[in-house]
Asker: 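Starting off with a structure, shown below.
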Amino acid sequence: MPPMTFGTDTGKNVLVADFLDQVEVELPVLGDHARLTLAQAWNESELAPYLADTDVMILFHDIARISEATLAAAPRLKAIVRAGVGYNNVDIEAAGKRGIVTCNVPDYGSEEVADHSIMFLLALARQLGPCDQSIRDGKWDYKVADAAPRLRGKTIGIVGCGRIGTATALRAKAFGLDVVFYDPYLPDGVDKALGIRRARTLDELLPQCQFLSLHCYLDSDSYHMIDARALAALPRGAYVINTARGPVIKQDDLVEALASGHIAGAGIDVFEREPFDNEQLRAMPNVFLTPHSAFYSREGFVELRRKTAEEACRIVLGQPPRNPVNLGYLVEPRTPVTQPRARV
Ligand code: NAI
């Protein structure tokens, strides 16, 4: 299939690497300033024909990784705009060393992901699964909800208190939950500003939590952070919610903890391998599964595409991007960037 090309030939080329098959949101933003090509690729090798003359790459989530080899084959590439919050599918260090800025869109779906986490929490606590199933089985007995705890006063532990963690904490407070977070990278005072408690270590957090909700990004530190040892540190009967990234939990260890009954249930939107392929987890009744859909709302998705196109447009026009994520690695940037102001 020939590539789909839109916009104006101004000498600047924006490549949408994956996922999009139409441009009704992007064209009004970028169409006068650049030629826009949709590659609809599923892996890096399918991008090869476009790399020589790409100035800005927009990347969704179908391509597992943009690695050094792809960056090396893109001599004009100034920036990669990741259409999403997480950017673990880009080698941001390799990009930075080549002067390529990597940006994300940090704020289009914070509320949706927080809503999704609370949806899991309520569904698990209120025994939605067994209640719904019992009626479908022709029964009528409130005692199927026997395990339901009262929420007020129970403790929810939040790992990663950034945008989504904060939005989740505020929602949890409204239900009377006692909120405690662990986030080693935040300065002192966040707990006071939000009116929640802080744990200084994961080991301090876990034994307190009837609910554990994950909101950190995925990196080498958070990879498999929630493993058998961490799960064992949660009280028996705790619930685990993951809308962050699959590999933050060691999935096999979670399956074991669920099977043993130590973990009472889980709500999971993100998995070690996507698309989802874990038959043991699929068969478990005490688990809610969603297809990495926590980010999505109709309005939020349009906002994501518009903000992605706007960031790409700023770079095409030689303006500094708003949301660079690899300034720490950036050497001789190929496009202007604004360094953050020192905190006072
Ligand atoms: P953010 O950058 O505002 O917050 C992340 C927080 O995690 C930061 O405060 C950081 O200090 C903390 N953190 C990092 N490593 C940690 C660790 N090892 N232990 C404890 N805390 C740690 O990001 P935001 O917007 O809140 O998003 C969080 C994550 O949610 C994203 O990185 C992404 O992976 C995931 N996400 C999932 C979506 C979905 O559809 N399921 C949609 C959007 C984001």
Side-chain angles (χ1 to χ4, degrees), residues 19 59-62 82-90 92 102-120 157-172 180-191 193-194 196 198-206 209 212-227 230 233 240-250 266-272 274-276 288-298 300-301 303-305 307-308 322-328 340:
F19 186 67
L59 177 70
F60 281 79
H61 49 254
D62 288 336
R82 164 72 188 110
V85 181
Y87 42 85
N88 49 292
N89 57 345
V90 180
I92 59 166
T102 306
C103 312
N104 71 348
V105 180
D107 60 339
Y108 72 95
S110 310
E111 294 157 294
E112 282 80 358
V113 182
D115 292 347
H116 208 88
S117 306
I118 295 293
M119 172 196 76
F120 279 142
I158 291 192
V159 176
C161 200
R163 291 171 294 263
I164 297 170
T166 299
T168 304
L170 294 175
R171 284 156 174 73
V180 53
F181 76 93
Y182 163 65
D183 189 327
Y185 305 117
L186 292 180
D188 285 356
V190 172
D191 45 346
L194 293 173
I196 60 179
R198 180 169 200 163
R200 288 290 169 189
T201 63
L202 191 61
D203 285 348
E204 185 189 332
L205 179 87
L206 294 173
C209 303
L212 180 72
S213 194
L214 303 179
H215 301 290
C216 55
Y217 43 74
L218 174 64
D219 65 6
S220 53
D221 287 338
S222 61
Y223 179 82
H224 282 182
M225 179 166 54
I226 305 301
D227 58 6
V240 174
I241 294 162
N242 188 10
T243 58
R245 282 291 180 267
V248 176
I249 298 185
K250 199 168 175 193
I268 311 177
D269 183 56
V270 286
F271 302 91
E272 285 222 70
E274 296 178 10
F276 177 76
F288 290 102
L289 307 169
T290 53
H292 201 147
S293 58
F295 73 95
Y296 185 81
S297 69
R298 274 179 284 184
F301 193 56
E303 183 181 337
L304 168 67
R305 289 176 58 187
K307 287 183 166 171
T308 302
R322 282 213 190 127
N323 297 297
V325 294
N326 66 338
L327 289 182

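Whatever order the structure lists ligands and atoms in, that order sets their numbers, starting from 1.
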Asker: Side chain, backbone, both or neither: which applies to R245 and ligand 1 if a contact is any heavy-atom pair less than 4.0 Å apart?
Answerer: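 Within the 4.0 Å criterion, R245 contacts ligand 1 through side-chain atoms alone.
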Asker: T243 versus ligand 1: do any nitrogen or oxygen atoms come within less than 3.5 Å of each other?
Answerer: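 Yes, T243 has an N/O under 3.5 Å of an N/O on ligand 1.
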Asker: Given H215, H61, R163, H292, which one has a non-hydrogen atom that is nearest to atom 28 (C) of ligand 1?
Answerer: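 Selected option, by shortest heavy-atom distance: H215.
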Asker: Short question: side chain of N326, backbone of T102 - any donor-acceptor pair under 3.5 Å?
Answerer: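 Judged by distance alone, yes, a pair lies under 3.5 Å.
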Asker: Measuring from non-hydrogen atoms of G109 to any atom of ligand 1, is the shortest distance under 4.0 Å?
Answerer: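 Heavy atoms of G109 never come under 4.0 Å of ligand 1.
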Asker: Evaluate the salt bridge (Lys or Arg N to Asp or Glu O under 4.0 Å) criterion for residues R200 and D188: first the C-alpha distance (whole Å), next the side-chain angles of each, then the deciding distance (0.1 Å), finally the verdict.
Answerer: CA-CA 11 Å; R200 288 290 169 189; D188 285 356; 2.9 Å; yes
Asker: Could you list the atoms of ligand 1 found under 4.0 angstrom from a heavy atom of F295?
Answerer: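 Per the distance check, 39 (C), 40 (O), 42 (C).
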Asker: Drop me the distance from L186's CG to T166's OG1, to the nearest 0.5 angstrom.
Answerer: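 Output value for this atom pair is 7.5 Å.
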Asker: So for V113, does at least one of its heavy atoms come nearer than 4.0 angstrom to any atom of ligand 1?
Answerer: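 Checking ligand 1 against V113, which is what was asked, there is a heavy-atom contact under 4.0 Å.
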Asker: Looking only at heavy atoms, what is the nearest atom pair of S293 and D269, with distance?
Answerer: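 Reported closest heavy-atom pair: N-OD1, 2.7 Å.
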Asker: Looking at ligand 1, does P184 have a heavy atom less than 4.0 Å from it?
Answerer: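 Yes, P184 has a heavy atom closer than 4.0 Å to ligand 1.
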Asker: Please list the nearest protein heavy atom to atom 29 (C) of ligand 1 with its residue and the distance rounded to 0.1 Å.
Answerer: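 Looking at atom 29 (C) of ligand 1, the protein heavy atom closest to it is C216 O, 3.7 Å.
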Asker: Considering distance alone, does some N or O of S222 sit under 3.5 Å from an N or O of ligand 1?
Answerer: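 In fact, backbone or side chain, S222 has no N or O that close.
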Asker: Looking only at protein heavy atoms, which one is nearest to atom 27 (O) of ligand 1, and how far off is it?
Answerer: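 Protein heavy atom at minimum distance: I164 CD1, 3.3 Å.
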Asker: Write out the residue and atom name of the closest protein heavy atom to atom 35 (C) of ligand 1, then the distance separating them to 0.1 Å.
Answerer: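 Sorting protein heavy atoms by distance from atom 35 (C) of ligand 1 puts A244 O, 3.4 Å first.
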Asker: Might you point out which heavy atoms bring C161 and D183 nearest each other, and give the distance in Å?
Answerer: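 Looking at all heavy atoms of both residues, the closest pair is N-OD2, 2.8 Å.
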Asker: So if I count the atoms of ligand 1 from 1 in the order they appear, which ones are less than 4.0 Å from some heavy atom of Y182?
Answerer: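 Atoms satisfying the 4.0 Å criterion: 19 (N), 20 (C), 21 (N).
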Asker: Between S297 and G300, is there a donor-acceptor pair closer than 3.5 Å when you use the side chain of the first and the backbone of the second?
Answerer: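 Yes, S297 side chain to G300 backbone: donor-acceptor pair under 3.5 Å.
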Asker: Is there a donor-acceptor pair closer than 3.5 Å between any side-chain N or O of R82 and the backbone N or O of V105?
Answerer: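 Such a contact is absent between R82 side chain and V105 backbone.
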Asker: Just heavy atoms, cut-off under 4.0 Å: does L202 contact ligand 1 by side chain, backbone, both, or neither?
Answerer: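 No part of L202 comes within reach of ligand 1.
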Asker: Can you name the closest pair of heavy atoms from Y108 and G84 and give their distance?
Answerer: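 Looking at all heavy atoms of both residues, the closest pair is CE2-CA, 3.9 Å.
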Asker: To the nearest 0.1 Å, how far is atom 32 (O) of ligand 1 from its closest protein heavy atom, and which atom is that?
Answerer: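 Scanning the protein heavy atoms, the shortest distance from atom 32 (O) of ligand 1 goes to Y217 CB, 3.2 Å.
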Asker: Below 4.0 angstrom from a heavy atom of V85, which ligand 1 atoms are there? Numbered from 1 as shown, please.
Answerer: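 Listed by number with element, the hits are 25 (O), 27 (O), 31 (C), 43 (C), 44 (C).
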Asker: Scan residues 106-115 for pairs that pass salt bridge (charged side-chain N to carboxylate O under 4.0 Å, His left out), counting only residues two or more places apart or in two chains.
Answerer: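 Non-adjacent pairs meeting salt bridge (charged side-chain N to carboxylate O under 4.0 Å, His left out): D107-K307, D115-R171.
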Asker: What part of Y296, side chain, backbone, both or neither, has a heavy atom within less than 4.0 angstrom of ligand 1?
Answerer: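 Neither part.
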Asker: Between Y223 and L218, which heavy-atom pair has the shortest distance, and what is it?
Answerer: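 It is CA-CD1, 3.9 Å.
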Asker: Does D191 reach the main-chain N or O of I196 with its side chain, forming a donor-acceptor pair under 3.5 Å?
Answerer: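 Checking the backbone N and O of I196 against the side chain of D191, no donor-acceptor pair under 3.5 Å is found.
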Asker: Within a distance under 4.0 Å of any heavy atom of G162, pick out the atoms of ligand 1 and give their elements.
Answerer: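 Going through ligand 1 atom by atom, the ones under 4.0 Å from G162 are 3 (O), 4 (O), 6 (C), 9 (O), 26 (O).
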Asker: So if I count the atoms of ligand 1 from 1 in the order they appear, which ones are less than 4.0 Å from some heavy atom of V270?
Answerer: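 Atoms satisfying the 4.0 Å criterion: 41 (N).
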Asker: Under the side chain to side chain contact (heavy atoms under 4.5 Å, CB included) test against V270, which residue among N242, T290, T243, V248 passes?
Answerer: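 Option passing the side chain to side chain contact (heavy atoms under 4.5 Å, CB included) with V270: N242.
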Asker: Just let me know how D183 lines up against ligand 1, side chain, backbone, both or neither, with a heavy-atom cut-off below 4.0 Å.
Answerer: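 Both backbone and side chain.
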Asker: Suppose I only count heavy atoms of Y185 and a 4.0 Å limit; which atoms of ligand 1 are within that range?
Answerer: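 Near Y185, the atoms of ligand 1 are 11 (O), 13 (N), 14 (C), 15 (N), 16 (C).
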